[in-house]
Structures are given as C-alpha cells and as structure tokens.
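A short worksheet on the structure shown next.
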Amino acid sequence: MAESSHNDLSEIHKKIKAAFEVFDYQANNTVDVREIDTIIYSLGCFPTQADIHCFIGQVEEDHTGYIHLDRFLPAMSKVLLENKFPPISEDVLLQAFEVLDKENKGYLEPEELTKYMTQEGEPFSQEEMDEMLTAHTDPEKNCIFCKDFIDKLNLEPDK
Amino acid sequence: MGCSMGKSQVPPQKCNRVSISVPAATAIRAALLIQRWYRQYVARLEMRRRCTWNIFQSIEYAGQQDQIKLYNFFGFLMEHFTPGSSERNLISHIFRENEICRDAEWERYFCYKSIEVPDSYTGPHLTFPMTFCGVSKLVEAFKHKQQLHARYVLQILGETWRLLRMLPNINHVSVHHTQQITICGDLHGHLEDLLLIFYKNGLPSPEKPYVFNGDFVDRGKNSLEILLILFGFLLVYPNDVHLNRGNHEDHIVNLRYGFTKEVLVKYRVHGKKILKLLQKIFSWLPVATIIDHKVLIVHGGISKTTDLNTIAKVDRHKYVSALRPPKVTQPAADGSKPQAVNDEDGGQVECRRRVYSLTYPSSAKGQRNQPSRRSLHNVPFSSHQVNWSVEEELKRRRRQAGFDQSYGEIRTSDSDSDPDFGEATETDEHEWKQLVDLLWSDPMPQNGCVPNEVRGGGCYWGPDVTEEVLERHNLQLLIRSHECKQDGYEFCHDRRVLTIFSASNYYEVGSNRGAYIRMGADLVPHFNQYQASRTGRELTLTQSVGWTERSALRALREQLFVHKSDLISAFQEFDPNNTGMISLSYWASATETVLKLGLPWRVLRSQLVNSNKHGMVDYMRWIRELSITEPKLEISDTSILETMYKNHSNLETIFRIIDTDHSGLISYEEFHQTWKLLSTHLKMEISDEAIADLAQSIDFNKDGSIDINEFMEAFRLVDRPAHS
C-alpha cells in the first residue's frame with residue numbers, strides 16, 4: 001500500500017493501532033497472543049510461522065498470553081518501515097505452483113496439493129487443508145487451477 | 001524474505017503421484033511460500049469477520065438502548081402528567097390492568113372450548129392430557145411447517161399456565177438419578193436449531209432431562225412453535241424439563257423484537273388472546289435452576305447483591321415486565337428529573353466495551369444520568385436469611401395459585417390480579433432489582449459491579465463478584481446465556497462463568513455457531529456445537545464471511561443513511577472553507593461522533609467510502625450515493641421522512657402499544673397522537689400539517705384508519721440495486 005512506503009511514522013502508528021483495536025476486547029490495549037498473527041497479516045505482511053514466533057517472543061509479556069500495545073507498536077512499526085515480510089509477487093507464486101505441478105498441467109489435483117501442504121514446509125492442519133480444498137477446488141473438474149487460484153485470492157479487497 | 005524460484009531442471013516425465021521427482025528443497029520452499037501466502041489470505045478474512053461481528057453487536061446494543069430509553073420516557077410520562085392527560089391515557093394501559101382482574105374471569109376469557117376446529121384443518125390434532133406422542137406429533141408437524149390451530153394453542157398455553165403457577169422461583173434439579181443433563185441457551189425463534197439439538201441429542205425424557213435458559217422468542221420466525229414444543233415437553237415431563245425466564249420473555253420487549261407481530265400475523269383472530277395468556281405465562285416462568293446445589297443457571301447473570309434466598313421468596317409473577325418501572329417512591333438520587341430521553345450526555349457510551357472505563361476514575365465524566373429507578377446502589381438491602389425448603393415452597397405456591405390437591409382445580413384468587421404499581425414499596429423495588437439483575441446482567445473482565453448502561457437494565461459484574469456470590473451460596477459454577485458467542489459458548493472469570501448460546505447464525509447466515517452443554521454427575525460441562533444451514537452444507541470461511549459481511553455493511557449503511565443530516569453537519573465542521581472535501585481521518589472521526597457505535601472505522605472505511613489519491617473524501621457525493629430507497633409515498637415535507645427512518649423501531653413500538661386491541665389498525669387521531677408522543681420524546685417539532693399530510697397519504701382505502709403493517713412496510717429501508 002502506498003502509505004507504508006511513505007515514511008510517515010504517524011500514519012503507520014494509526015494503521016497499527018486501528019488493526020490492534022479490533023481485537024482489544026477489553027479496551028485496555030492488550031490482545032490475546034493468539035490473535036497476533038491475524039493482526040500482522042492484516043497489515044499487509046507475509047511472515048512465515050517461524051517469523052511470527054520470533055516476533056511474539058520479542059513482544060509478549062512474559063508468558064501471560066497477552067501482548068500490550070506498548071510493545072507491539074514499536075516492533076510492528078519497525079517491521080513495516082523495514083518491509084520485513086513483503087508481499088509475494090504473482091510470478092513467484094506462479095513459479096511455486098509450477099514446481100509442485102511437475103507435469104505442467106496448469107492445475108493440481110486435491111491429493112497432490114494436500115500432500116505438499118500437509119507434509120512440507122510449515123504444514124497445514126487438517127482444518128486449514130479442508131477449508132482450502134472446499135473453497136477453491138473446481139467442483140466440476142475436481143482440481144485446483146493454479147493461475148485462477150492466485151488471481152482470486154490476490155483480488156480480494158484488502159484492509 | 002522474498003525468495004526466487006528456479007524452475008526445476010528435471011524434464012517433465014510421467015510419474016507416480018506419490019513420489020516426488022523434484023528436488024526436495026525446492027518443493028519445500030514452494031510449499032512454504034504457498035502456505036504463508038494462503039495464511040495471509042485467511043487472516044484477512046478473519047479480520048473482516050471480526051469487524052463484521054463488531055458491527056452487528058454494536059447495532060444490536062444500540063437498538064436495545066433505544067428501547068430502554070423509550071420506556072424510561074413512558075415512565076416519565078406516567079409520573080409527570082396528570083391522570084386524564086392525553087399522553088398518559090394513550091399508554092397507561094401498558095402499565096395497568098384495567099380489564100378483568102380475577103383468575104376465574106381470566107379462565108373464562110382464555111377458554112378454548114368455544115373455538116371450533118374446522119374439517120378443513122390439516123394441522124395436528126392434540127388430545128389432553130398431553131402425552132409424549134402428542135408432543136412428538138407436534139414437533140413433526142412444525143418440521144413440516146404446519147400451523148397449530150388456535151384452539152390447541154390456547155389449550156396448551158392454559159395447561160402450561162396452570163402448571164407454572166405451581167413451580168417455585170428456583171428449579172432444584174439433581175443429576176444423580178439420570179447421570180446426565182442437557183442445557184441450552186438462547187433460541188430466539190430459531191426452530192431449525194432446536195430441531196438440530198433434538199436430532200443430535202435426543203428428545204427430552206425422564207432419562208434425558210433438559211434445561212432451557214430463556215430467550216425462546218423474538219427475532220427468529222418460529223418463536224411460537226418453539227414455545228409450544230417446550231411447553232408441550234414441560235407438560236409431559238414436568239420434573240425433567242426446566243425452563244428459565246429470559247429477558248425476552250417479556251411482552252414489552254416482544255412488541256419491539258418481533259414476537260408480538262409473529263403471533264398476530266399467524267393468528268389473526270385469536271392472536272390477542274394468545275398474547276395475553278403468554279404475558280401471564282412469562283411472568284410465571286421460574287427465574288433460575290440449580291443443579292445438585294452446585295451449578296446455578298440463570299439467563300443473564302448476577303450482581304453484587306444477588307441473594308438466592310430473597311429470590312426464592314418473591315412473588316415472581318408480579319413482575320410482568322422488567323421494563324415496567326415500579327412507581328418511584330423517592331426522588332431521584334441526584335435530584336434531577338428521572339429521564340433519560342435522548343440523552344446527550346457527552347460521555348455517551350462509545351461502544352459496549354468502552355463502558356468498562358466507568359470503573360476507572362479518569363472517566364468519571366458523567367455519573368450517567370440514570371433514572372433513579374435504575375439506580376442500583378440506592379436501595380437498602382434487607383434480607384431475611386430464612387431458608388425455605390423446596391417442600392414449603394411448593395405448598396406456598398399451590399396455595400397461592402389457588403390449587404387444591406388435585407391438579408386442575410381452580411379457585412378464585414387474587415394471584416393474577418396485577419397490582420397497581422402505585423403502591424410499590426421499597427421491598428418491591430429491591431425484589432424487582434434482584435429479578436432484573438438475573439435476567440439482564442453481563443459479565444465483564446474487570447472487578448466490580450456497575451450498572452449495565454448498554455442494556456439499560458441489570459449490571460456488569462466482575463470476577464470478584466462471581467467469586468463472592470458463588471462462595472456465599474456454596475456454588476461452583478454459573479451458567480448463563482444472553483450474549484451471542486461466535487463458537488456458541490465461552491468461559492470467563494477463571495472458568496467459573498460459562499455462557500451458552502444456542503441460536504446459530506444469529507446475526508446472519510454464517511455469523512456464529514450454536515452450542516449446548518451436556519453435563520454428567522461430575523458436573524463437568526461438555527459442549528456440542530452446530531450451525532443450522534439451509535442448504536445442508538457447511539459454508540466455507542470465505543462464503544460465510546462474505547455473506548455476513550455484506551449483511552453487516554448493509555445494516556451499517558442503513559444507519560449512516562438515517563443520520564444523513566447529522567453527518568453532513570459533522571463533516572462541515574471539519575471543512576470550514578467549504579471545499580466539499582475532508583480527509584479520511586476526519587471522515588472517521590465525524591462518523592463516530594454521530595453514530596456512536598464504537599466501530600473500528602479506520603479498518604472498515606475501505607468498504608464504505610472512496611477517497612482520491614490524496615486521501616480526501618468528497619463527502620456530499622458520498623452521502624448522495626448512500627441513498628438507499630425512494631419512499632413509496634408522496635409527501636411534501638421530507639424532513640419528516642428522515643425522522644421516520646431514524647426512529648423506525650421506536651415508532652413501530654409506539655404504534656403497537658397504542659393499538660390496544662391488536663387489530664393492526666389505528667385511527668387518524670391515534671396516529672396523530674403517536675407522532676406527538678414521538679416528537680416529545682425526541683424533543684423536536686413535527687408540525688400538524690406534516691402529520692396530517694402523512695396520514696392522508698397512507699390511508700390507502702380512505703376509510704379513516706391506518707394499517708400499521710402497511711405503513712411500516714412503506715418505510716422499510718431497502719438496498720438500492722447495486723450501483724458502482
């Protein structure tokens with residue numbers, strides 16, 4: 001988004017606070033640590049799970065299970081200013097799918113995708129896998145069309 | 001952390017799907033990339049879902065506050081206008097029973113015997129006394145969308161009324177015998193959810209006892225069917241089915257939230273009678289259930305002053321409606337007029353979460369102007385710590401209900417004559433508060449106990465209160481309902497308070513799951529969750545978020561639309577040079593000031609407003625584009641339109657109150673009085689000409705009376721077909 005590349009710190013702070021506030025149920029500037037990944041993602045970042053754990057380690061209040069805005073704000077601002085977890089370009093995504101689609105079919109069978117997603121990298125849980133398949137498998141052909149998949153998800157209105 | 005991927009150098013070859021011929025490291029990197037990309041997408045959906053949830057909740061609570069304000073206003077009128085003044089007469093009947101007042105006469109009035117069931121009736125026939133087969137038949141019939149004949153409705157209700165009068169205020173239950181019990185929360189007319197519960201868990205029986213924790217009616221379309229089923233099972237298994245009263249088991253609340261209308265539409269001839277009988281039944285519903293002296297189940301919750309011994313002894317049926325204020329016998333605590341009409345108290349709650357700041361000294365801006373009758377801490381607490389045994393209680397109840405040994409014999413008694421609240425005593429107010437607290441309160445994370453501003457009744461209570469009250473009564477767990485939860489249930493206060501909510505898709509399709517509790521002799525709750533679905537297929541996250549979100553945004557745009565004038569004024573304050581443009585920040589600020597919903601506008605704004613590349617909003621154009629509907633009527637004074645839209649629900653509620661015979665029609669004169677009442681409530685001028693104009697234009701058949709339903713339909717906000 002244009003804003004984050006304008007080095008306007010106060011704009012960044014406002015953005016971060018706005019996202020944080022959505023999960024601050026007690027209106028006391030804390031959020032449950034389990035919601036942090038959602039907040040980070042919603043600010044346009046694409047960290048891995050490992051990145052997230054590392055980040056949480058830096059900001060969590062001593063295993064209370066809560067994260068306070070006072071620590072989140074500077075850490076998150078740094079992430080945004082340094083563009084630490086930038087978005088993934090479409091070409092790179094396409095290439096990643098092509099790697100998995102060895103036969104160059106242009107699509108993946110559900111079993112293929114499941115195998116990769118649940119066994120490699122930072123594996124999906126069964127629930128995550130089911131959701132992905134239910135939502136994005138072409139019902140007629142029973143497969144996932146890579147290019148369409150990419151386009152669809154990148155098109156969803158953001159923030 | 002971008003990574004660049006080289007295409008695999010291995011030539012494509014036919015290969016077994018199971019073995020990977022791609023270098024493992026590349027595949028791993030590819031998978032990792034896709035996973036984090038996809039997780040980001042899911043997180044964005046979750047953010048949207050959370051915002052959507054906030055929208056629904058804040059609009060819902062804003063609506064409830066509205067309702068409370070309206071009734072505070074009526075209470076104010078009752079006190080401050082002399083008997084005989086027109087305003088007071090218009091509404092006094094909802095506070096007084098000036099009709100038949102004795103049980104025997106009520107019995108005659110509700111008698112079903114004269115109602116004939118025609119041969120053409122294809123619905124279920126019931127025989128009494130009620131049997132398990134009879135209720136099962138009823139469940140099946142409702143599953144097939146049949147309607148029960150008014151004769152049988154009145155018969156079931158009559159039997160239920162007689163039974164409830166025998167029951168104590170607090171149901172005492174044990175699971176030792178059956179080894180298990182099922183507890184359900186709010187159903188709100190969602191028949192499909194009740195059927196789903198029965199399907200998954202089984203029908204009620206002596207081996208399968210149930211507790212239903214209130215709010216059976218309002219909002220959903222099958223409130224009456226749910227009541228008939230629950231009452232049917234209650235009649236068949238009175239020792240194994242336990243009903244707690246909820247805050248929606250209240251005829252005044254029903255006027256606004258749909259139950260009254262549902263009954264009148266389904267039963268055009270006998271609806272009024274049915275409603276009257278239900279009014280009595282609701283007041284006779286027990287207010288709490290206790291399992292094995294350890295688990296307390298109430299609909300709303302508790303307060304610092306909750307005393308179950310007191311509650312066990314009150315005449316619960318005196319409190320027909322929680323919104324029916326007992327007459328104030330002392331002046332308001334701060335000496336001011338006890339009115340909360342259209343309060344502009346600057347500290348008006350920004351959102352329901354923000355109300356927690358009441359406990360912090362910094363925001364003592366406004367001892368909120370609560371009318372004294374709602375003031376929780378003024379009434380001196382006097383308690384007799386007498387322990388009434390269940391037996392004594394039952395005896396007392398029977399005597400009161402005019403019962404002899406045999407079930408079904410009725411004696412004339414005063415038990416159901418509604419007391420004239422002019423003689424309310426201090427004890428009455430204290431009792432009233434105890435009951436309202438049970439039905440209306442919500443838990444909060446902070447310690448303390450403060451008035452529940454958002455609901456306008458009951459309190460917010462903290463973990464310290466939970467601990468103290470549970471200790472005092474030797475209890476270990478409080479199960480309550482009253483608040484919708486995304487997963488159907490939620491613990492709080494160190495797992496000593498459990499909220500259970502059984503109406504799935506409460507706000508919109510896909511908004512939340514429902515749940516019920518199964519509990520064994522060990523009194524450990526186990527949960528079953530579900531989501532009723534029209535198509536029988538679970539919605540994907542994407543679909544449910546999209547659907548729910550569209551609905552929430554529509555509701556929100558409606559709110560924006562009805563506040564057009566105020567929004568324009570607020571925008572103009574930020575635009576002193578009249579450029580027609582303001583920044584997004586100011587847009588968010590102004591919108592929150594006007595709507596006071598406490599929503600995360602910054603996050604929502606991309607869905608609601610466009611800005612140019614400098615981040616500026618053309619606000620007049622935005623307002624124009626919000627325009628949602630053209631009213632179907634020709635009216636010269638358009639300012640009255642905006643008032644109509646803004647006060648849609650209040651207007652409908654007032655109409656229904658004035659329509660004392662529930663005929664659905666009101667006269668020109670009543671119509672005029674309604675508008676006058678509304679304008680007083682809103683402290684604004686509505687000219688006689690405007691009202692006359694309006695009345696004339698909607699009297700479609702020119703017969704001098706106005707059909708309420710048609711009138712409201714004409715002004716229901718509808719989405720304009722998509723533009724842009």
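Each chain gets a letter, A, B and so on, in the order the sequences are listed, and its residues count up from 1.
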Considering all heavy atoms of both residues, which atom of Tyr116(A) and which atom of Ala31(B) are nearest to each other, and what is their separation?
O-CB, 4.1 Å
d(Leu153(A) CG, Ile34(B) CD1) to nearest 0.5 Å is 11.5 Å
Could you look at Lys17(A) and say if it's the side chain, the backbone, both or neither that has a heavy atom under 4.5 Å from chain B?
neither
Could you tell me if the ring centre of Phe149(A) sits under 6.0 Å from that of Trp37(B)?
yes
What are the two closest heavy atoms between Phe46(A) and Arg36(B), and how far apart are they?
O-NH1, 2.6 Å
In this structure, which one of Met117(A), Gln49(A), Met132(A) forms a side chain to side chain contact (heavy atoms under 4.5 Å, CB included) with Gln35(B)?
Met117(A)
Atom CZ of residue position Arg71(A) - does it have more than 12 heavy atoms of other residues, nucleotides or ligands inside 6.0 Å?
yes
Euclidean distance, His136(A) NE2 relative to Tyr38(B) OH, rounded to 0.5 Å
3.5 Å
Can you confirm whether Tyr41(A) sits close enough to Glu46(B) that some side-chain heavy atom of one is under 4.5 Å from a side-chain heavy atom of the other?
no
Just how far is it from atom OG of Ser585(B) to atom CD of Glu11(A), taken to the nearest 0.5 Å?
6.0 Å
Indicate yes or no: at least one non-hydrogen side-chain atom of Glu120(A) is less than 4.5 angstrom from one of Leu32(B).
no
Check whether any side-chain heavy atom of Lys152(A) lies under 4.5 Å from a side-chain heavy atom of Tyr41(B), and answer yes or no.
no
For Gln40(B) against Gly44(A), the heavy-atom pair lying closest together
NE2-CA, 3.9 Å
Counting only heavy atoms closer than 4.5 Å, note whether Ile88(A) contacts chain B via side chain, backbone, both or neither.
side chain
Drop me the distance from Gln119(A)'s CD to Ile28(B)'s CD1, to the nearest 0.5 angstrom.
11.0 Å
Does OH belonging to Tyr586(B) count more than 12 external heavy atoms closer than 6.0 Å?
no
How close do Leu100(A) and Ala30(B) get, counting heavy atoms only, and between which atoms?
CD2-CB, 4.0 Å
May I ask you to say whether Arg39(B) pairs ionically with Glu128(A), meaning some side-chain N is under 4.0 Å from a carboxylate O?
yes
Counting only heavy atoms not in Lys78(A), do more than 12 fall under 6.0 Å of its NZ?
no
More than 12 non-hydrogen atoms from neighbouring residues, nucleotides or ligands closer than 6.0 Å to CD on Glu127(A), yes or no?
no
